[in-house]
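Keep in mind the model is a prediction, meaning the values are calculated, not measured. Protein chains get the first letters and strands the later ones, always in sequence-line order, with residue 1 at the start of each.
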Amino acid sequence: MSSKPLSEKNKDFFDLVYEVVKHIPEGRVTSYGAIAKYLGAARSSRMVGWAMNASHRMPDVPAQRVVNRNGLLTGKMHFGDPNEMQRLLEKEGHTIQNDQIMNFKDSFWDPSIELRID
DNA sequence: AGCATGACGAACA
DNA sequence: GTGTTCGCCATGC
């Protein structure tokens, strides 16, 4: 089957991304690649970013907790106000310097490990 | 149909 | 550690 338009198929992918992001605990962050890998699209990390771009229409999706592998707030400019993303992360206890999360590795949350299915 | 871009990541020099 | 290149695949022109 798979006769459906891609626009409809990726909708499922978007929904999966949102679900993972919603499971990110407060004070933790993850990367696009980690989510992509968890969804089985490890080489499609850009698609995760694309999904996040649409996440603005979804409530309860803490997109600020999703950064790139460098811990850099690459998507800060997509929050309407560029300072919003950093403000939210600092509010959750993160320390951000030069648009980068300090102790990123220590705050990293890997869905393939913490959100694994028992 | 082809070309350029993108909230990325890994490999390589 | 930095800069470049390639892969990935959906979107826009």
Spatial distance of atom [atom1] ([X]) from atom [atom2] ([Y]) [nearest 0.5 Å]:
| X | Y | atom1 | atom2 | result |
| --- | --- | --- | --- | --- |
| A:Leu89 | A:Glu26 | CG | CD | 10.5 Å |
| A:Ile35 | A:Tyr18 | CD1 | OH | 11.5 Å |
| A:Met58 | A:Glu19 | CE | CD | 10.5 Å |

- If you look at every strand shown and take non-hydrogen atoms under 4.0 Å, does A:Asn53 touch a base, only sugar-phosphate, or nothing? base
- Any pair counted as salt bridge (Lys or Arg N to Asp or Glu O under 4.0 Å), so long as it reaches residues 28-39 of chain A, sequence neighbours left out: A:Arg28-A:Glu114
What is the separation between atom [atom1] on [X] and atom [atom2] on [N], rounded to the nearest whole Å?
| X | N | atom1 | atom2 | result |
| --- | --- | --- | --- | --- |
| A:Asn70 | B:dG9 | CG | C1' | 9 Å |
| A:Leu72 | C:dT2 | CG | C1' | 15 Å |
| A:Lys37 | C:dC8 | NZ | P | 17 Å |
| A:Tyr32 | C:dA10 | OH | P | 19 Å |
| A:Phe13 | C:dC8 | CZ | C1' | 11 Å |
| A:Leu39 | B:dG9 | CG | P | 14 Å |

- Query: Out of A:Ile101, A:Thr30, A:Asp99, which one pairs with A:Val67 under the side chain to side chain contact (heavy atoms under 4.5 Å, CB included) rule?
  - Reply: A:Ile101
- Residue list, side-chain contact (heavy atoms from CB on, under 4.5 Å) with A:Met102, at least two apart or on another chain: A:Thr95, A:Gln97, A:Gln100
- Is the ring centre of A:Phe104 less than 6.0 Å from the ring centre of A:His94? no
- Query: For residues 76-92 of chain A, which residues have at least one heavy atom under 4.0 Å from DNA chain B?
  - Reply: A:His78, A:Phe79
- Going by number, which of residues 54-65 of chain A have a non-hydrogen atom under 4.0 Å from DNA chain B? A:Ser55, A:His56, A:Ala63
- Task: Please name all residues satisfying side chain to side chain donor-acceptor pair (under 3.5 Å) with A:Arg43, sequence neighbours left out, ordered by chain then number.
- Result: none
- Message: Go nucleotide by nucleotide along DNA chain B from the 5' end; which of A:Ala42 and A:Met47 gets its closest nucleotide reached first?
- Response: A:Met47
- Any donor-acceptor N/O pair, A:Ser44 side chain to A:Met47 backbone, under 3.5 Å: no
- Distance-only, no hydrogens or angles: does the A:Asp81 side chain make a donor-acceptor pair with backbone N or O of A:Asn83 under 3.5 Å? no
Which protein N or O atoms sit under 3.5 Å from an N or O of nucleotides 10-13 of chain B?
from, atom 1, to, atom 2, distance (Å)
B:dA10, OP2, A:Arg69, NE, 3.2

- Query: Nearest to the side chain of A:Ser45 - B:dG9, C:dC8, B:dG6?
  - Reply: B:dG9
- Item | A:Glu84 with A:Arg87: basic N within carboxylate O range, under 4.0 Å | yes
